[in-house]
Protein chains: 2
Amino acid sequence: MEISHAVEDYLKIIYELQGAGGKVNTTALAERLNVAPASVTGMIKKLAEDRPRLVNYERHHGVTLTTAGEKIALEVIRHHRLIELYLHEALGYSWDQVDAEAEKLEHVISEEFEDRIAAALGQPKIDPHGDPIPTKEGVIAAPTGERLTDLAAGQRGRVARVSDDDPALLRYLAELGIKPETAIAVVDRSPFDGPMHVRVGNRSPQALGRQVTDHVFVEVR
Amino acid sequence: MEISHAVEDYLKIIYELQGAGGKVNTTALAERLNVAPASVTGMIKKLAEDRPRLVNYERHHGVTLTTAGEKIALEVIRHHRLIELYLHEALGYSWDQVDAEAEKLEHVISEEFEDRIAAALGQPKIDPHGDPIPTKEGVIAAPTGERLTDLAAGQRGRVARVSDDDPALLRYLAELGIKPETAIAVVDRSPFDGPMHVRVGNRSPQALGRQVTDHVFVEVR
DNA sequence: GCCGAGATTTAGGTTAACCTAAATAATTTC
DNA sequence: GAAATTATTTAGGTTAACCTAAATCTCGGC
């Protein structure tokens with residue numbers, strides 16, 4: 001049974017939403033997939049009935065991946081992240097362009113292609129946004145760093161990763177110099193969820209809103 | 001109206017079968033597309049009715065591309081050939097592997113990707129099999145060379161291109177050293193469609209069957 | 001323990017791209 | 001030029017993935 005692009009997308013998104021290990025609900029999935037909730041129910045039912053079963057599903061109580069489903073999700077994520085890195089490193093794509101292109105390529109490349117770009121990149125472990133790349137065997141490192149939002153004034157460290165959803169945000173972060181590996185320090189935080197003042201590298205401090213700090217993860221030292 | 005992968009394939013194959021300028025018949029198209037003849041009729045009818053019209057069609061009398069259809073076909077072919085060359089040059093794919101991968105990638109890459117690989121390759125004019133790469137504007141050079149089959153004993157020249165359909169044939173040709181740019185000379189030909197003896201580069205002469213010589217094109221000097 | 005908001009599922013379509021089998025048109029052969 | 005062969009089309013289905021609108025659940029708050 002050949003796995004369709006649509007199914008690969010479902011599995012990938014379920015994996016991402018599962019995160020720690022919770023159940024994923026229909027609406028969240030529908031939103032991320034840009035699809036009506038009813039369509040999600042339909043697809044999920046099929047994935048839970050067909051063999052091999054790719055998801056566990058109980059009506060009204062959310063979905064999780066089976067081992068088989070997770071294996072496929074991790075293959076797709078490996079493709080996605082390798083492609084992102086390759087586009088960035090080998091073809092000079094900017095940070096905010098890679099996601100859209102990878103979204104399409106991830107479903108069509110062969111094992112051969114995967115192996116060759118992985119080799120060309122030196123078997124890399126993280127993608128351009130700092131996310132870990134699963135191995136061919138389906139092993140993935142735990143994502144590192146804690147939300148910038150959660151740091152206290154005075155804490156410092158290095159940017160571990162930034163979330164890769166929103167190209168506009170990525171462009172803004174690039175402008176600020178916030179990318180994996182750059183040094184970052186919290187100068188102070190305004191109370192009541194006000195802006196945070198942050199020093200990036202050796203630039204002068206910047207005020208960042210919650211929208212931004214929620215999507216930056218820091219390895220505190 | 002977004003053009004589907006299926007439609008892109010139809011247009012590409014119609015272009016290839018049209019060749020000089022003849023009409024393309026349903027059966028040939030069906031064979032090349034691995035689809036039932038009835039399916040071809042259905043698709044062709046839609047392409048001829050929808051606007052913009054992509055093909056000219058008259059029941060029982062074959063199909064040709066409209067200008068709009070040809071433009072799309074040439075975009076797809078440009079993608080295909082650029083990708084083939086990129087896989088070969090940048091990622092070390094062997095000659096016979098590139099076609100299958102390009103077949104899938106050609107439908108999903110962005111303009112950005114097209115531009116970047118074309119730039120990385122130095123705006124190339126021919127693909128690894130010697131076929132001309134259409135320009136971004138949809139201009140394509142006439143394919144060069146004449147069939148090795150049609151050469152007389154004593155004629156010599158350089159391989160211009162080889163047809164790219166059959167991986168097994170491509171592997172065999174690679175073994176023989178027959179690829180674009182290599183020198184080639186007809187030593188003699190047996191009568192009654194018998195094998196042809198050919199000298200490739202400075203190797204000792206080889207006997208080649210019709211199956212092979214039909215798919216090699218030579219620029220006679 | 002009920003009520004209602006919000007989440008989820010069911011019911012009933014739609015569309016694109018394919019299929020097989022039967023009917024018809026075109027072409028080749030005698 | 002009629003018959004036989006081959007090519008093409010029509011008719012009637014199938015499947016995957018989606019949709020909207022109308023039920024039906026679930027759960028937090030009272």
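Below, chain A is the first sequence line, B the second, and so on; all start at residue 1.
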- Query: Does the side chain of Ile44(B) reach to within under 4.5 Å of the side chain of Thr41(B), using non-hydrogen atoms?
  - Reply: no
- Can you name the side-chain hydrogen bond (donor to acceptor under 3.5 Å, both in side chains) partners of Lys136(B), sequence neighbours left out? Glu111(B), Asp115(B)
- Under 3.5 Å side-chain donor-acceptor pair for His88(A) and Asp127(A): no
- Give, ordered by number, those residues of residues 26-38 of chain A having at least one heavy-atom distance below 4.0 Å to an atom of DNA chain C; if nothing qualifies, reply none. Thr26(A), Thr27(A), Pro37(A), Ala38(A)
- Between Lys46(A) and Asp50(A), is the closest basic N to carboxylate O distance under 4.0 Å? no
- Message: Heavy-atom nearest nucleotide on DNA chain D for His5(A) versus Val24(B): which residue maps closer to 5'?
- Response: Val24(B)
- Does the side chain of Glu146(A) reach to within under 4.5 Å of the side chain of Val220(A), using non-hydrogen atoms? yes
- Please find the earliest and latest nucleotides of DNA chain C, in the 5' to 3' direction, that have an atom within less than 4.0 Å of any heavy atom of chain B. dA16(C) to dA26(C)
- Query: Hey, are the side chains of Thr149(B) and Met196(B) touching, using non-hydrogen atoms and a 4.5 Å cut-off?
  - Reply: no
- Message: Restricting to side-chain hydrogen bond (donor to acceptor under 3.5 Å, both in side chains), what partner residues turn up for Asp150(B), sequence neighbours left out?
- Response: Arg147(B)
- Message: Going by side chain to side chain donor-acceptor pair (under 3.5 Å), name the pairs with one or both residues in residues 77-86 of chain B, residues two or more places apart or in two chains.
- Response: Tyr86(A)-Tyr86(B), Arg78(B)-Glu114(B), His79(B)-Glu114(B), His80(B)-Glu84(B), His80(B)-Asp99(B), His80(B)-Glu106(B), Glu84(B)-His129(B)
- Query: With a 4.0 Å cut-off, would you call Lys45(A) and Glu49(A) a salt bridge?
  - Reply: no
- Message: Short of 4.0 Å, heavy atom to strand atom, which residues of residues 53-62 of chain B count as contacting DNA chain C?
- Response: His60(B), His61(B)
- For the pair Lys12(A) and Glu8(A), find out whether any cationic side-chain nitrogen is under 4.0 Å from an anionic carboxylate oxygen. no
